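Contents: one structure, followed by commentary.
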Amino acid sequence: MQEKIWKYRDKQLKSEDISSLCAQFKLSYEMAVLLLLRGVSDTNTINSYMAKGLDGIHNPFLFNDMETACERIIRAIKEKEKITVYGDYDVDGITSVSVLTDFLSSCGAECDYYIPDRFSEGYGLNILAVNRLARSGTKLLITVDCGISSIGEVEFAKTQKLQVIITDHHSCKEEIPKAIAVINPKRKDTTYPFPELAGVGVAFKLVLALAKKLGMPAKDIFLKYADLVSIGTVADVVSLLGENRVIADRGIKAISKTQNFGIKALLEVSGCAEKEITASLIAFSLCPRINAAGRMENASLAAELFKAKSYQEALELARRLDELNRLRQQTEQKIFEEASRLADLQENPLVYVLAAKNWHIGVIGIVASKLCEKLGKPCILLSGENGKYKGSGRSIEGFNLFDALSANEELLTAFGGHALAAGLSISEENIPEFTKNINAYAKKHITGDMLMPKLMIDCAISPSHITLNWANALKRLEPFGSGNEVPVFALEGAKIISANAIGADGKHLAVRIEKDGVTANAVWFGMGAVKNELFAGDRADIAFTLNINTYNGNKSVQLILKDIKK
């Protein structure tokens, strides 16, 4: 077992605030803590958080440039100008393209889409694509989930008599493109109250604004596209609080009765057609298959899936995505093993920069994420040929990778992303200096505390709460995700009754525990070897999440272990 620092999140709260919430709303200590940690502290916020109502959706016209964007798009629709929606090859980008093109087409627009090839073009607008689209007759280009860094490309588009509207949610540099409209909640001069929308969320707000301008019932439009928007929102790991919480909740509910053939087919091939739809199911079953299109072949496969006009057509495409996902898993494992060996050869850097000529560019982002988790340090993986490398990086909490890349901008061909995840392009000759410089930058910004493995625990829990009623009460806090994580509890001084390896290869650990007369079953995934460290009669503190296990129609509480301290 790896020794981790347990950090109790309830310790950051004021005891009087917890007591007040408990008394005012007749809540248990644990529930009051969970709500306060999510910024829910009074009648208004509790009602909003629990209700997840459409009144939590902000007016789309609070965005800078939204009015201008709508006027230009409506003119293009009326004058039959060709509109091209330019997206990204991940789930966020694909769902953004699907939502906006479907809506525009339903309004009578002459509308097409373009998703750049991950391998030959890379992320975002590129001049060759812009030139090709201008020559194809496109008059209005609308970006989704990209474009905020494309200053030169937008200027080039102007020379081709091609007007550009940008919708994006990525971090902005000091200068933004001089497009006819730039809709991004992270603009430094933003007038929009919620900065955490996914790219599909921003595109969706454009759809809602257009619907309002065209006299359509906004609620109907919201519910029509909520399924796709929730998938893109969950996939992009944005905070599932505020507006995103409403989008994700309504969308998750809509998926079980979706009319989209593509979503139905995905549920079927992933074995989820009869399962309860949750954010976790979307993240771990649907999203990898959608992403596999852009990672292993062409993202248009997934875009066409959501445009399918029959279930049979969608099923064929979904099966192809399922095959690509299996290939992705195999490729990813091979690169992970190779990158791990390269990391072992380095002399304990603060930031791992690993490069190879033969790595599949479509999966190195996933591998970077796994390595970052394994090593507890920022990891950047680069793959290339002919002196040109593209890469993906993942960071640890507290170290802003986007800022670190910005500090080394002169060595990069291109870059973009977030605090914890970013993409970049670099010449091979610059890799050694970049590696040196980013580690020097990290030395100034990474503290020893950031490198210590930590487990965040909401609070200790009473054994009396290890019940089906309490587990069901926690479901009211769903959908869980970034910013609204599944609650993690600690049970202190529990007695180990038994600990056994389970699964065909003994990979997992089953533990039975007892405290104050309450017994419970627990499972620790991937930790079967720990059975040699636990013995009947041992006393231990255990950290876990509460799960409802259904077997042969019977429901019982199950603890999903996160850590054990003897």
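All values derive from a computational prediction rather than experimental measurement.
- Residues Glu316 and Tyr311 bring no donor and acceptor atom of their side chains to less than 3.5 Å of each other.
- Of the possible donor and acceptor atoms, none in the side chain of Arg394 sits under 3.5 Å from a partner among the backbone N and O of Ser369.
- The local environment of NZ in Lys334 is sparse, with at most 12 non-hydrogen atoms from other residues, nucleotides or ligands closer than 6.0 Å.
- A donor atom on one side chain and an acceptor atom on the other are not found under 3.5 Å apart for Tyr86 and Glu153.
- Checked by atom type and distance alone, the side chain of Arg187 pairs as donor or acceptor with a backbone atom of Val182 at under 3.5 Å.
- Judged by the 6.0 Å distance and 45° axis criteria, Lys173 is positioned over the aromatic ring of Phe415.
- Judged purely by distance below 3.5 Å, without hydrogens or angles, the side chains of Tyr49 and Asn484 pair a donor atom with an acceptor atom.
- Asp227 is linked by a side chain to side chain donor-acceptor pair (under 3.5 Å) to Thr258, counting only residues two or more places apart in sequence or in another chain.
- Checked by atom type and distance alone, the side chain of Asn260 pairs as donor or acceptor with a backbone atom of Phe306 at under 3.5 Å.
- In summary, of the residues considered (Phe63, Phe204, Tyr192), a ring-ring contact (aromatic ring centres under 6.0 Å, His included) with His58 occurs for Tyr192 alone.
- Remark: the Asn126 side chain and the Glu121 side chain contain an N/O donor-acceptor pair separated by less than 3.5 Å.
- A donor-acceptor distance shorter than 3.5 angstrom exists from the side chain of Glu313 to the backbone of Lys309, with no hydrogens or angles considered.
- Residues His508 and Phe525 place their aromatic rings such that the two centres sit under 6.0 Å apart.
- At distances below 3.5 Å, at least one donor-acceptor pair connects side-chain atoms of Ser96 with backbone N or O atoms of Val200.
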Tell me, with the steps shown, if Val238 and Thr233 meet side chain to side chain contact (heavy atoms under 4.5 Å, CB included).
-> CA-CA 7 Å; Val238 289; Thr233 298; 3.7 Å; yes
Report all side-chain donor-acceptor pairs from residues 137-149 shorter than 3.5 Å, counting only partners two or more places apart or in another chain.
unit_1	atom_1	unit_2	atom_2	d
Thr138	OG1	Thr84	OG1	2.7
Thr138	OG1	Leu133	O	3.3
Thr143	OG1	Cys146	O	2.7
Thr143	OG1	Thr167	N	3.2
Asp145	OD1	His169	NE2	3.1
Asp145	OD2	Gly93	N	3.4

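- You'll find the side chain of Lys475 reaches within 4.5 Å of the side chain of Glu276, heavy atoms only.
- Put simply, the side chain of Arg328 never gets that close to the backbone of Ala293: no donor and acceptor are under 3.5 Å apart.
- Note that the NE2 atom of His360 and the CG atom of Asn358 stand 11.5 Å from one another [nearest 0.5 Å].
- Annotation: Glu373, atom CD; neighbour count of heavy atoms from other residues, nucleotides and ligands within 6.0 Å does not exceed 12.
- With hydrogens and angles ignored, the 3.5 Å screen pairs a side-chain donor or acceptor of Asp92 with a backbone N or O of Gly199.
- The closest side-chain donor-acceptor pair between Glu337 and Gln333 falls under 3.5 angstrom.
- Remark: the backbone N or O of Tyr123 is paired with a side-chain donor or acceptor of Tyr89 at under 3.5 angstrom.
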Dump the intermediate steps for side chain to side chain contact (heavy atoms under 4.5 Å, CB included) on Ile165 and Thr68, then the final yes or no.
-> CA-CA 9 Å; Ile165 292 171; Thr68 302; over 6 Å; no
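- Using a 4.5 Å cut-off on side-chain heavy atoms (C-beta onward), Phe156 and Asn131 make contact.
- Scanning all heavy atoms of the two residues, the minimum distance from Arg250 to Gly53 falls at NH2-CA, 3.8 Å.
- Counting only distance, with no hydrogens or angles, the side chain of Lys275 and the backbone of Leu267 share no donor-acceptor pair below 3.5 Å.
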